[in-house]
Each structure stands twice: as C-alpha cells, then as structure tokens.
Amino acid sequence: MPELPEVEATRRHLAPVLEGATIVAVEVRRPRMARRQPRPADIPDRMVGRRIRRVGRHGKFLLTGLEGDLTWVLHLGMSGRVSLARPGEPEPPHTNVVVVLGSGVEVRLVDPRTFGFVAVYTPEEFDHSTPAGLGPDALDDLPRAPELARRMAARAVPVKPLLLDQRFLAGLGNIYADEVLWRSRIAPVRPAGSLSREEVAALRRAIRPTLEAGLRSGGTSLDDLAYLLPDGRAGEHLFRLRAYGRDGLPCRRCRTPIRREVLRQRSTFFCPRCQA
DNA sequence: ACCTCCCTGGCC
DNA sequence: GGCCAGGGAGGT
C-alpha cells in the first residue's frame, strides 16, 4: 500500500542513514525488478563506488541522488517495502534487491509481487522516464484551488480516478484518495468538471491534513503487514482511517454505514450520506 | 477513456 | 479453487 505517506515515512528513515554513505555492493536478485532499466547491468555498475547525496521523493517515487549526476529510482508498487539491516540479520522472503553501504548497513528492497522496481538513470534517461511525467507532489507542491479547478474543468472523468492519476497529482493512492474525498464530503463518482469552486477548495484543503495524518502514524500497514517502516515497525494509521476498508461500519461523522463500490476496477469506500 | 495484465500470498 | 489486494503500463 505504499502511497505518499508510506513512501515519505520510509524516506525519513532512510535519509540520515544513506546520505553521505558510499555504496560498496549491489545485488539485483529478481531480474524483473530491473525491468525499467534499459541495460540491467547498469544498476550495479552505476551504483558501486558512488557516494549518496540527497534522498528525495516525488509522489510515490523515492529519488536518490548519486554522485556523477545519476538518480537512483525506487518504486514500491503494491507490496514493496524497504528494510534497513545489518549483514547477517535474517532476511525476509522476497528480498529482491540488496544495496550494501560502506558502513555495513544493508538496504533491502522486499517486494513479493514485484510490481515495484529499481533503476539508475542519467539525466537524459530520467527525462524520458515516468517520474519526469508526474504531476505536482500532493504534499510538497500542492497547487492552489483555482489551479486545480482549471485542470479539472470540463472533465467527465469521476473525481476519484482523477485523484489516482499520477499525472494530475502525484502521491495519492487508493486509500488516501478515499480518505480525501470523505474529508471533503465529495462523492467519488462526481465528474471532476462538475465540482463547484467551493467543492474544489474543500477537496484541496482536505489533501494536506489527510496525508499528514497518515505520515504522523508512520503510514498505513494493513492486516497483511506487507508495508512496514525500514526498522520493521508497522505504520499505525489503519485504525484512524475514516473511509477506506470500513465497509458496513458507521461513518465517523453521521453513523451511516460506509459503503463499498467498485469504480474503475478499484474498491471505493464512501459515506452515502455525507458524500451524497 | 477505458480495460487487462503483470505477480504472489492470504483468506473464504 | 476462486477471489481479493496499496500501483502502473500498454493496448484498444
């Protein structure tokens, strides 16, 4: 479930450990994880011996600068997480990529479903990659309401799938999109272009507090514990969710049972009364 | 502007 | 055995 809050919580754990460290070894054990790299052998070739600069993030992408003007790209997909460990510590199953630092610390990418990926791009390669096409970051670069309204105008697409479109806004996933819509009292199926100015403003106002609430709890670890923080702890936001996963449970505002419907093949949870 | 598929594991 | 799952690309 890594969405923006989970990726940002991960980034904040990684930054102090990685920044300034030198990479001494890289092992890509599942070739599929390197599928976004034109020449997979470039991943270790470009990483080993290089010093790590800033660990950054855009939407759900971890973007880490390496000396030599390279960008180390990490995406966690549906089931990925990063684990920081010492050599010899027992490895969880599906440890698909291991990056060893000069300090001895191992950065492990664990991803059972392998929807995540790793890549190391030159500036030219980066410009043709997905992160280059992302919309503004939903937390760090959230557009003002008039700008959002302009970009939603005359669009027939329901507002929820638009919020999931990373070219529109980068960072929201299926959980936090539902949470944002619940907080702003907007029905997920509303055509994006049909929202009033006030509704767009309410939507905009809901985004930051929703994401920051998730971040404060260390993100949302679901029952399967696929997502964990790099130190192995679970994020504790699950029990604070207002809509996602609360099918049949009372709305925390009006007690009406939360409903689950499928919208564009994605589970969608909303209050049929508050979000009429 | 849609679907389908990529994977694996867990639950019913 | 079938269905479900945080995401995104690719094709129609």
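Sequence lines set the chain letters: A, B, ... in the order given, protein chains first and strands last, and positions in each chain run from 1. Fair warning: this is a prediction, and the values are worked out from it, not measured in the lab.
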From the set [options], return the single nucleotide nearest to any side-chain atom of [X].
| X | options | value |
| --- | --- | --- |
| A:Arg260 | C:dC4, C:dG10, C:dG8 | C:dC4 |
| A:Arg264 | B:dC7, B:dA1, C:dA5 | B:dA1 |
| A:Tyr244 | C:dA5, B:dC7, C:dG8 | C:dA5 |
| A:Arg155 | B:dA1, C:dG7, C:dA9 | B:dA1 |
| A:Arg30 | C:dG8, B:dT8, B:dA1 | B:dT8 |

Taking atom [atom2] of [N] as reference, at what distance in whole Å does atom [atom1] of [X] sit?
| X | N | atom1 | atom2 | value |
| --- | --- | --- | --- | --- |
| A:Leu74 | C:dG7 | CG | P | 16 Å |
| A:Tyr227 | C:dA5 | OH | C1' | 17 Å |
| A:Asp247 | C:dA5 | CG | P | 11 Å |
| A:Asp111 | B:dT8 | CG | C1' | 10 Å |
| A:Arg36 | C:dG10 | CZ | C1' | 10 Å |
| A:Leu76 | B:dC7 | CG | P | 19 Å |
| A:Lys60 | C:dG7 | NZ | P | 4 Å |
| A:Met33 | B:dC7 | CE | P | 12 Å |

Respond yes when some side-chain nitrogen or oxygen of [X] is under 4.0 Å from OP1 or OP2 of [N], and no when none is.
| X | N | answer |
| --- | --- | --- |
| A:Ser79 | B:dC7 | no |
| A:His94 | B:dC7 | no |
| A:His75 | C:dG8 | yes |

Any side-chain heavy-atom pair from A:Leu14 and A:Thr64 closer than 4.5 angstrom?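 A:Leu14 does not reach A:Thr64 side chain to side chain.
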Check whether any side-chain heavy atom of A:Ser221 lies under 4.5 Å from a side-chain heavy atom of A:Leu238, and answer yes or no.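 Of all side-chain heavy-atom pairs linking A:Leu238 with A:Ser221, none is under 4.5 Å.
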Using a strict cut-off of less than 4.0 Å between a Lys/Arg side-chain nitrogen and an Asp/Glu carboxylate oxygen, indicate whether [X] and [Y] qualify as a salt bridge.
| X | Y | result |
| --- | --- | --- |
| A:Arg51 | A:Glu19 | no |
| A:Arg39 | A:Asp45 | no |
| A:Arg12 | A:Glu8 | yes |

Mind checking if [X] touches a base, just sugar-phosphate, or nothing, with heavy atoms under 4.0 Å?
| X | result |
| --- | --- |
| A:Arg35 | nothing |
| A:Arg167 | nothing |
| A:Gln265 | base |
| A:Arg81 | nothing |

Students often mix this up, so state it plainly: with edges at 30° and 60°, are the rings of A:His75 and A:Phe61 parallel, tilted or perpendicular?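 Perpendicular.
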Look at the aromatic rings of A:Tyr121 and A:Phe126 and report parallel, tilted or perpendicular, splitting at 30° and 60°.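 Taking A:Phe126 first and then A:Tyr121, their aromatic rings stand perpendicular (interplane angle over 60°).
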Using heavy atoms to find the nearest nucleotide of DNA chain C for A:Gln166 and A:Arg113 separately, return the residue whose nucleotide is more 5′.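 By nearest-heavy-atom nucleotide position, the 5'-most residue is A:Arg113.
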May A:Phe115 be described as stacking on the base of B:dC7, applying a 5.5 Å centroid limit and a 30° limit on plane angle?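 No; by the centre-distance and plane-angle rule, A:Phe115 does not count as stacking on B:dC7.
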Run through DNA chain C and report every stem of 3 or more consecutive Watson-Crick or G-U pairs, distances under 3.5 Å, ordered by first number.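 For DNA chain C the paired stretches long enough to count as stems (3 pairs minimum) are B:1-6 with C:7-12, B:8-12 with C:1-5.
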Which pairs pass salt bridge (charged side-chain N to carboxylate O under 4.0 Å, His left out) with one or both residues in residues 97-117 of chain A, sequence neighbours excluded?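 Matches after skipping sequence neighbours: A:Glu106-A:Arg108.
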When the P atoms of B:dC7 and C:dG11 are considered, how many whole Å apart are they?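 It comes out at 15 Å once rounded to the nearest Å.
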